[in-house]
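All values below were derived from every heavy atom in this structure, side-chain atoms included, with hydrogens, water molecules and symmetry-related copies excluded. Throughout, a chain's letter reflects where its sequence line sits, starting with A, and its residues are numbered from 1.
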Amino acid sequence: MPKKIMVVDDDPDIVDYLVNVFEDHGYLTCRASDGITAYDVAMAENPDLITLDLEMPHEWGPRFYRRLTLEEQFSDIPVIVISGLSGIHLAIKRAVATIKKPFDPTDVIEIVRKALGDA
Amino acid sequence: MDSKKLILVDDEEGIRRFLGLTLVDLGYTVKTAENGQAALELLKTFTPSIILTDIKMPMMDGIELLKTVKLQSPEIEVIMLTGHGDLDLAIESLKFDAADFITKPINDKVLEISLERTLEKIQMKSKLREYTVNLERLVDEKTQRIVELERQNAACQVIEGLSGALTSASNEMESGSGLFNELPCLVSIHNRYLEIVSANQLLKDRLGDVVGLNSFDIYSDRTSAGNACPVQKTFETGKGQRSKETFLTKDGEEIPVTVYTAPIANKEGEIELVLDISVDMTELQRLKDELLTTQHKFERLFDESPCYISVQNKDFTIAEVNRRFKEDFEDITGSHCYKTYKRSNEPCVECPVKLTFGDGESHQMETVVTTKKGEQKNVLVWSSPIRDAYGNINQVMEMSTDITEIRRLQDHLTSLGFMLGSMSHGVKGMLTALDGGIYRLESGLRKNDQDRIDSATKALKSTVNRVKKMVLDILYYAKSRELEMETVDASSFLTDTASLVAIKAKNAGVTFIQDIPDNLGPIKIDSSAMSATLVNFLENGVDACENPIERKDYSLSFSAARSDNNLVIKITDTGMGMDQETANKIFTLFFSSKGKKGTGIGLFISNQTIEKHNGKILVDSELGKGTSFTITIPCNI
């Protein structure tokens, strides 16, 4: 059964990009454009991993993450931060990785595979 | 006075002759008169000890004579001769100080006793007078003696005190330190042999080492003892001298001086030393000139310093300001600096003047002030304590340097960095989006997925547009964009600009009032930059009407008029308004009153655009009442 990755970013072009990358590597995907919808999407789609932008309208990534990890089924969900902001490596302490935009898609896939134990 | 002289007054010839003989026998020199009148006439040439007078006489009677005599010459004793009938008058006469009375017919024995008694009385009186006079003289003598002693004593003390003071003064002088050496006076001390025994350093500097020389040697024209110098005159007269003299310097130059001398006496009152204090008139003039020059220099410095200087009192009122301050700010001596500088009623949070009063150190602050013309100036404020002679800080000087130009340059540099910094996030996002577009285009082509190819192409197009807009923004903000001046019709330009905001105003429920006349004429501007600027002000006006506190009608008015060769545009909103502190800062880069919504760039850029058009912006705002911007742009640049 393929793992599901939720892509959260306010730029739809970037969401399209990441979704295509993940789907081309055999993952299922779901998407959200801000923290508030991301919470609802996560509850509905039950993803296995999240890629998260930090600066978004309505609710920023870190706050969404805190709120989501309060839910028992998401308390240990791996999160990969993908952001253009500088100095972000500690924005979410438990993030499995922090990737700066612009990124190399093969790096992202490698990190995702490691995080999901798909070696 | 011969006590044996006597006048006999009686109107009866017989009595005068008979009694006269008796009196001569008794050893008296006797003159006679027939009535009081005659007796008084006689008294002018003859002064008796005793007058013997009958009472009842024609012309002037005895009582009248008695009164007159006692008035004129009280020392003459008067004995009254009375008949039987006028005993009462005789007794009455005693009241007027008659010595005695003898009744007629006259008994020789009684006369002799009476005369003797009277003479005795006269003698006693004269003795008494002598004693009294002696006593008075004695008292006078003793008093004078005492006063003399006291005076000498006091004089002694004064002289002792004076010579003591002068001795210590001259000692200090000799020790080479002390007050005398600080005086711009040539001071010397001379002894009674007319030798200079001491001189202060200044005198030695000017005239050479003169100690041991003759007093007159220091004068250019007092070459001998015969041509007495002031010192010698002082010894001779014992009095201080004052005269204009000429001294001879060691180089043979003559210097005009005013000489004051003072005798210094010893305890015996002899003049022992003479103090010679000479004021060098050239030195005095030089010092005066120097002082004047320094004062001028200071005043010029104070006035011409390229900064605003104010001197402030302990209660933070302004005591004094320099010329530049007066030029650019209301000169309200006694007002507070925050009132004058910022039109604020509160002192600045970190008032450097207050800090300086507290610790005596200099303090620094940067702030924005408003001139009386409404211009904003960035100033760097330095405070510095002004201490009095005792080291207390009674006033603090505040120097505000206008760093608007520097700030402007700095702002420009910072804006470049800021733009790149703040845009970098967006740039990275767009680069990522471009990467994504390319990835999807490539993979779409590889997989021959037309939908993906179409979608990717669309995304690429939109991303390229975003990149283009951002680059243009950066170029615009970075001021590398030159003004593209063109001549446009002011009325239609402003009407077109207004239409860009009308919808936003309507959506926000703000009444938009336009007052743009048709005949504003042509104006030479960069229409796109100016349009963006005006839209910025207008949109801010709409934003200011957000968050209505009560149900009140908000309006934004946009009016224009031509004044001389200027276009005057007025944008007034009835929104929240600003306090002066905010109004002072609105054109500062990165200052925003809108929180996260504002970047702090808009009005900064707008201000720059207007300045580049050689225009001016005046801000008038009141918290809760609204804000009015008046923009003046010359029609031809």
Do B:T511 and B:S555 get their side chains close enough for a donor-acceptor pair, meaning under 3.5 Å?
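No, because no side-chain N or O of B:T511 sits under 3.5 Å from a partner of the opposite role on B:S555.
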So what's closer than 4.5 Å to chain B heavy atoms on A:V21: side chain, backbone, both or neither?
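Interface part for A:V21: both.
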Relative to chain B, which segment of A:N20 carries a heavy atom at a distance below 4.5 Å: side chain, backbone, both, or neither?
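For A:N20, heavy atoms of backbone and side chain both lie under 4.5 Å from chain B.
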Residues from residues 24-40 of chain A approaching chain B under 4.5 Å (heavy atoms):
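A:D24, A:H25, listed by number.
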Hey, does the side chain of B:K504 reach the backbone of B:V542 with a donor-acceptor pair shorter than 3.5 angstrom?
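The answer is no, because no donor-acceptor pair under 3.5 Å joins these two groups.
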Counting only N and O atoms by type, is there a donor-acceptor contact under 3.5 Å from the side chain of B:D573 to the main-chain atoms of B:G626?
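No; judged by distance alone, with no hydrogens or angles, the pair does not exist.
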Tell me every residue that passes salt bridge (Lys or Arg N to Asp or Glu O under 4.0 Å) with B:E366, counting only those two or more places apart in sequence or in another chain.
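Residues passing salt bridge (Lys or Arg N to Asp or Glu O under 4.0 Å) with B:E366: B:R407.
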Select all residues of residues 434-445 of chain B having any heavy atom within less than 4.5 Å of some heavy atom of chain A, and report them by number, or 'none'.
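Heavy-atom contacts from residues 434-445 of chain B to chain A are B:D435, B:G436, B:Y439, B:R440, B:S443.
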Would A:D16 and B:K458 satisfy salt bridge (Lys or Arg N to Asp or Glu O under 4.0 Å), going step by step from the backbone distance to the final call?
CA-CA 12 Å; A:D16 282 345; B:K458 204 179 155 196; over 6 Å; no
Enclosure of B:I503 CD1 (heavy-atom neighbours >12, cutoff 6.0 Å):
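No, because the 6.0 Å sphere around CD1 of B:I503 holds 12 heavy atoms or fewer from other groups.
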How long is the span from the OG1 atom in B:T533 to the CD1 atom in B:I610, to the nearest 0.5 Å?
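If I round to the nearest 0.5 Å, the distance is 5.5 Å.
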Considering only heavy atoms from C-beta outward, does the side chain of B:F512 approach that of B:L538 to under 4.5 Å?
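A side-chain contact under 4.5 Å exists here.
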Close side-chain approach of B:F629 to B:N540, heavy-atom, < 4.5 Å
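In short, these two side chains do not touch, never coming nearer than 4.5 Å.
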For a side chain to side chain contact (heavy atoms under 4.5 Å, CB included) check, start with the C-alpha distance between B:I631 and B:L534, then their side-chain angles and the critical distance, and finish with the verdict.
CA-CA 9 Å; B:I631 300 161; B:L534 293 177; 3.9 Å; yes
Proximity breakdown for B:K447 and chain A, heavy-atom pairs closer than 4.5 Å:
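For B:K447, the side chain is the part near chain A, not the backbone.
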Pairs where residues 74-84 of chain A contributes a residue and the test salt bridge (charged side-chain N to carboxylate O under 4.0 Å, His left out) is met, not counting sequence neighbours:
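For residues 74-84 of chain A: A:D76-A:R94.
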